[in-house]
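FYI, the numbering just counts along the sequence from 1.
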Amino acid sequence: MFTYFREMKNYVRCLVLLLLAGCANASLKIQPGTWRATLTREDGKLIPFTFELKDSAGKYLCYFQNATERILADSVVVADDSVWIQLPFFDSKIIAKLSNGKMEGSWIKQLQDTTQAMPFNAVSNTSARFISNNKNNQHSIAGRWAVDFVSVSSGDTTLSVGEFSQNGEIVTGTFLTPTGDYRYLAGIVDGDTVKLSCFDGGHAYLFTAHINDDKSLSDGYFYSGIKYVEKWTAQKNDSAKLGDEYALTKLNKNAGKVDFKFVSIDGDSVSIHDERFKNKVVLLQLMGSWCPNCMDETAFLSDYYNRHHSDGIEIIGLAYERSTNFERSQKTLRTFQKRFDVQYPMLVTGVTVSDTLRAEKTLPQLEKIIAFPTLIFLDKKGAIRTIHTGFTGPGTGIHYEHFKNDFDKIVGALLKEQ
């Protein structure tokens with residue numbers, strides 16, 4: 001396994017090569033088609049995923065695949081024997097050496113104060129995310145499950161809901177938690193074992209569990225990133241559901257109306273008291289460019305805003321980034337803005353996601369900000385009427401449809417008020 005310093009040496013070497021190449025593709029070609037990749041954790045566990053490379057008029061495009069999701073990375077550069085894939089979100093990239101239909105290098109992610117690297121390997125012409133060791137599969141995990149996740153380090157328990165579909169050995173679905181979901185998961189049932197994974201450029205997940213029968217799963221492990229791990233068990237339960245996501249975030253007593261002024265990513269000072277927000281239903285999106293559920297919510301809100309802005313709706317994105325550096329935050333948020341055609345203002349709060357006083361410093365009307373994203377509904381008089389914590393995205397299927405129906409009802413009722 002690479003050490004951190006070897007990873008960074010490879011990173012610098014590849015960066016120099018790419019800069020010398022003028023960010024243009026050299027004579028070496030990448031094999032188009034589907035690649036199977038793995039990321040190696042500190043404990044030796046491999047997190048697999050797949051991506052498709054295309055040559056479009058001499059320009060390489062990379063699509064990271066998670067079930068029905070395809071995340072486009074359109075900044076792929078080849079120079080000498082190295083390849084650079086800039087991920088569209090989360091301030092991360094893949095840098096690798098290219099040789100005989102293989103890639104070997106690192107997935108590099110910029111954190112608040114450090115740079116994290118995980119060994120990355122990929123093989124061309126391989127579409128299977130997981131390699132099945134048992135073709136005589138007799139199990140199905142399709143349906144709804146009540147799930148208990150337990151942190152190995154802290155012992156904290158999270159009650160969740162698993163939703164899965166299965167076609168033969170192929171499994172897709174996700175886990176819903178009180179503050180969001182694990183987005184699009186894909187994998188297989190391999191004999192008496194279920195294996196699921198995903199990679200979105202900012203997060204790498206691997207879930208495994210033993211299938212006792214079609215009603216219970218045990219000895220489950222959830223591996224996240226370079227070293228985090230949780231244990232989990234599950235019981236089949238068609239009635240399993242989470243608590244009320246509209247009741248998680250609470251208001252301080254006598255907190256008054258929301259009052260803030262922050263700088264947008266366009267450099268403008270924006271206040272909730274600006275004329276454009278008066279007598280409007282305003283939605284405050286508490287988000288961050290590091291947050292995968294925020295990506296799904298931004299896609300939803302941007303589309304909704306572009307279709308319904310004329311009805312009297314305003315949305316303001318309030319970003320809590322990993323750094324207090326405005327230019328760095330501006331750069332990463334600009335990616336969200338462009339990718340999802342965000343027309344509403346996105347403001348940099350200047351308060352980091354890790355700041356324990358983030359609510360007091362930005363929105364003291366809240367007892368605390370417990371999850372990202374969080375969506376605050378303000379009526380036409382500026383009063384907080386409803387708060388939705390987390391986001392159940394399109395990877396959750398029917399749960400996403402329920403959220404959209406609830407959202408429409410809430411906004412519709414607020415619009416009808418005088």
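- With values rounded to the nearest 0.5 angstrom, Phe262 atom CZ is found 10.0 Å from Ser271 atom OG.
- We find the CG-CD1 distance between Leu217 and Ile211 to be 6.5 Å, quoted to the nearest 0.5 Å.
- In summary, of the residues considered (Trp145, Phe222, Phe175, Tyr221), a ring-ring contact (aromatic ring centres under 6.0 Å, His included) with Trp232 occurs for Phe175 alone.
- No side-chain donor from either of Tyr182 and Ser160 sits under 3.5 Å from a side-chain acceptor of the other.
- Of the candidates Val147, Val194, Leu185, Phe207 forms a side-chain contact (heavy atoms from CB on, under 4.5 Å) with just one, namely Leu185.
- Across every non-hydrogen atom of Phe164 and Leu196, the tightest pair is CE2-CD1, 3.6 Å.
- A search for side chain to side chain donor-acceptor pair (under 3.5 Å) contacts involving Ser289 returns Glu321, Thr332, not counting sequence neighbours.
- Under a 3.5 Å cut-off, the side chain of Arg358 and the backbone N or O of Val353 do form a donor-acceptor pair.
- Remark: side-chain polar atoms of Arg328 are not paired, donor with acceptor, to backbone N or O of Arg322 under 3.5 angstrom.
- Looking at Asp43 and Lys45, no side-chain N of the basic residue comes within less than 4.0 Å of a carboxylate O on the acidic one, giving no salt bridge.
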Check the pair Thr249 / Thr389 against side chain to side chain donor-acceptor pair (under 3.5 Å), numbers first and verdict last. CA-CA 6 Å; Thr249 302; Thr389 305; 2.6 Å; yes
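- Of the candidates Gln116, Lys93, Met118, Lys109 forms a side-chain contact (heavy atoms from CB on, under 4.5 Å) with just one, namely Gln116.
- The aromatic rings of Phe51 and Phe49 sit tilted, their planes meeting at an angle between 30° and 60°.
- By the 4.5 Å heavy-atom criterion applied to side chains, Thr349 and Leu318 are counted as neighbours.
- Looking at Arg129, its side chain never comes within 3.5 Å of a backbone N or O of Gly187 through a donor-acceptor pair.
- Under a cut-off of 6.0 angstrom, the local environment of CG in Leu357 is crowded, with over 12 non-hydrogen atoms contributed by other residues, nucleotides or ligands.
- Distance check, rounded to the nearest 0.5 Å: OG of Ser197 to OH of Tyr205 gives 12.5 Å.
- No side-chain heavy atom of Phe277 sits less than 4.5 Å from a side-chain heavy atom of Leu378.
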Carefully, step by step, assess Phe391 and Leu375 under the rule side-chain contact (heavy atoms from CB on, under 4.5 Å). CA-CA 9 Å; Phe391 188 72; Leu375 191 62; over 6 Å; no
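- Side-chain contact between Val411 and Asp311 is absent, with no heavy-atom pair separated by less than 4.5 Å.
- Between the side chain of Asn306 and the backbone N or O of Ser302, at least one donor-acceptor pair lies under 3.5 Å.
- A heavy-atom distance below 4.5 Å is not found between the side chains of Lys261 and Leu347.
- Side-chain atoms of Tyr344 and Tyr304, non-hydrogen and from C-beta on, never get closer than 4.5 Å to each other.
- Heavy atoms only, all atoms of each residue included: Pro88 and Leu72 are closest at CG-O, 3.3 Å.
- The side chain to side chain donor-acceptor pair (under 3.5 Å) check on Ser329 picks up nothing, with sequence neighbours excluded.
- When atom types are taken as modelled, the side chain of Lys280 and the backbone of Ile315 share no donor-acceptor pair closer than 3.5 angstrom.
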Take Lys102 and Asn121 through the side-chain contact (heavy atoms from CB on, under 4.5 Å) test and state the conclusion after the steps. CA-CA 7 Å; Lys102 296 182 180 181; Asn121 290 272; over 6 Å; no
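- Under the 30°/60° scheme for interplanar angles, the aromatic rings of Phe340 and Phe336 are found to stand perpendicular.
- Across all their heavy atoms, His399 and Thr392 have their closest contact at O-OG1, 3.7 Å.
- Inspection of the Thr298 and Gln285 side chains reveals an N or O donor paired with an N or O acceptor under 3.5 Å.
- Heavy-atom contacts from other residues, nucleotides or ligands closer than 6.0 Å to CG of Asn100 number 12 or fewer.
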Go through the steps for Tyr228 and Glu230 under the test side chain to side chain donor-acceptor pair (under 3.5 Å), then give the verdict. CA-CA 7 Å; Tyr228 185 76; Glu230 290 182 353; 2.5 Å; yes
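- Using a distance-only test at 3.5 Å, with no hydrogens or angles considered, a donor-acceptor pair links the side chain of Gln166 to the main chain of Ile141.
- Listed for the Gln86 side chain is a donor-acceptor partner under 3.5 Å among the backbone atoms of Ser92.
- Between the side chain of Asn293 and the backbone N or O of Asp181, at least one donor-acceptor pair lies under 3.5 Å.
- A donor and an acceptor atom, one from each side chain of His309 and Gln343, are nowhere located under 3.5 Å apart.
- Ionic pairing of Arg334 and Asp266 is present here: one or more N-O contacts between side-chain nitrogen and carboxylate oxygen are shorter than 4.0 angstrom.
- Residues Leu286 and Phe372 are in side-chain contact: their nearest non-hydrogen atoms beyond the backbone lie under 4.5 Å apart.
- Proximity of a side-chain donor or acceptor of Thr34 to a complementary backbone N or O of Ser127 within less than 3.5 Å is not detected.
- One distance of note links CZ of Phe377 with CD1 of Ile410; it measures 4.5 Å at 0.5 Å rounding.
- Looking at Leu176 and Glu163, their side chains come closer than 4.5 Å, going by heavy atoms from C-beta outward.
- One distance of note links CD1 of Ile94 with CG of Leu87; it measures 5.5 Å at 0.5 Å rounding.
- Under the 6.0 Å distance and 45° angle rule, Lys404 does not count as a cation-pi partner of Phe300.
- Ring centers of Phe407 and His388: at least 6.0 Å apart, outside the cut-off.
- Between Ala73 and Phe64, the closest heavy-atom pair is CB-CE1, 3.9 Å.
- Using modelled atom types and a 3.5 Å distance limit, the side chains of Ser216 and Gln235 yield no donor-acceptor pair.
- There is a side-chain donor-acceptor pair under 3.5 Å between Ser354 and Thr352.
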For Arg41 and Val229, run side-chain contact (heavy atoms from CB on, under 4.5 Å): C-alpha distance rounded to whole Å, both residues' side-chain angles, the deciding distance at 0.1 Å, then the answer. CA-CA 11 Å; Arg41 288 168 42 93; Val229 61; 4.2 Å; yes
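- Judged purely by distance below 3.5 Å, without hydrogens or angles, the side chains of Ser218 and Asn212 pair a donor atom with an acceptor atom.
- Judged as a salt bridge (Lys or Arg N to Asp or Glu O under 4.0 Å), and not counting sequence neighbours, the contacts of Arg183 are Glu69, Asp200, Asp296.
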Would Val152 and Lys231 satisfy side-chain contact (heavy atoms from CB on, under 4.5 Å), going step by step from the backbone distance to the final call? CA-CA 7 Å; Val152 171; Lys231 294 183 178 181; 4.1 Å; yes
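- Going from atom CD of Gln337 over to atom CE of Met346 covers 7.0 Å, rounded to the nearest 0.5 Å.
- Counting only distance, with no hydrogens or angles, the side chain of Arg70 and the backbone of Tyr63 share no donor-acceptor pair below 3.5 Å.
- Tyr184 places a side-chain heavy atom less than 4.5 Å from the side chain of Thr68.
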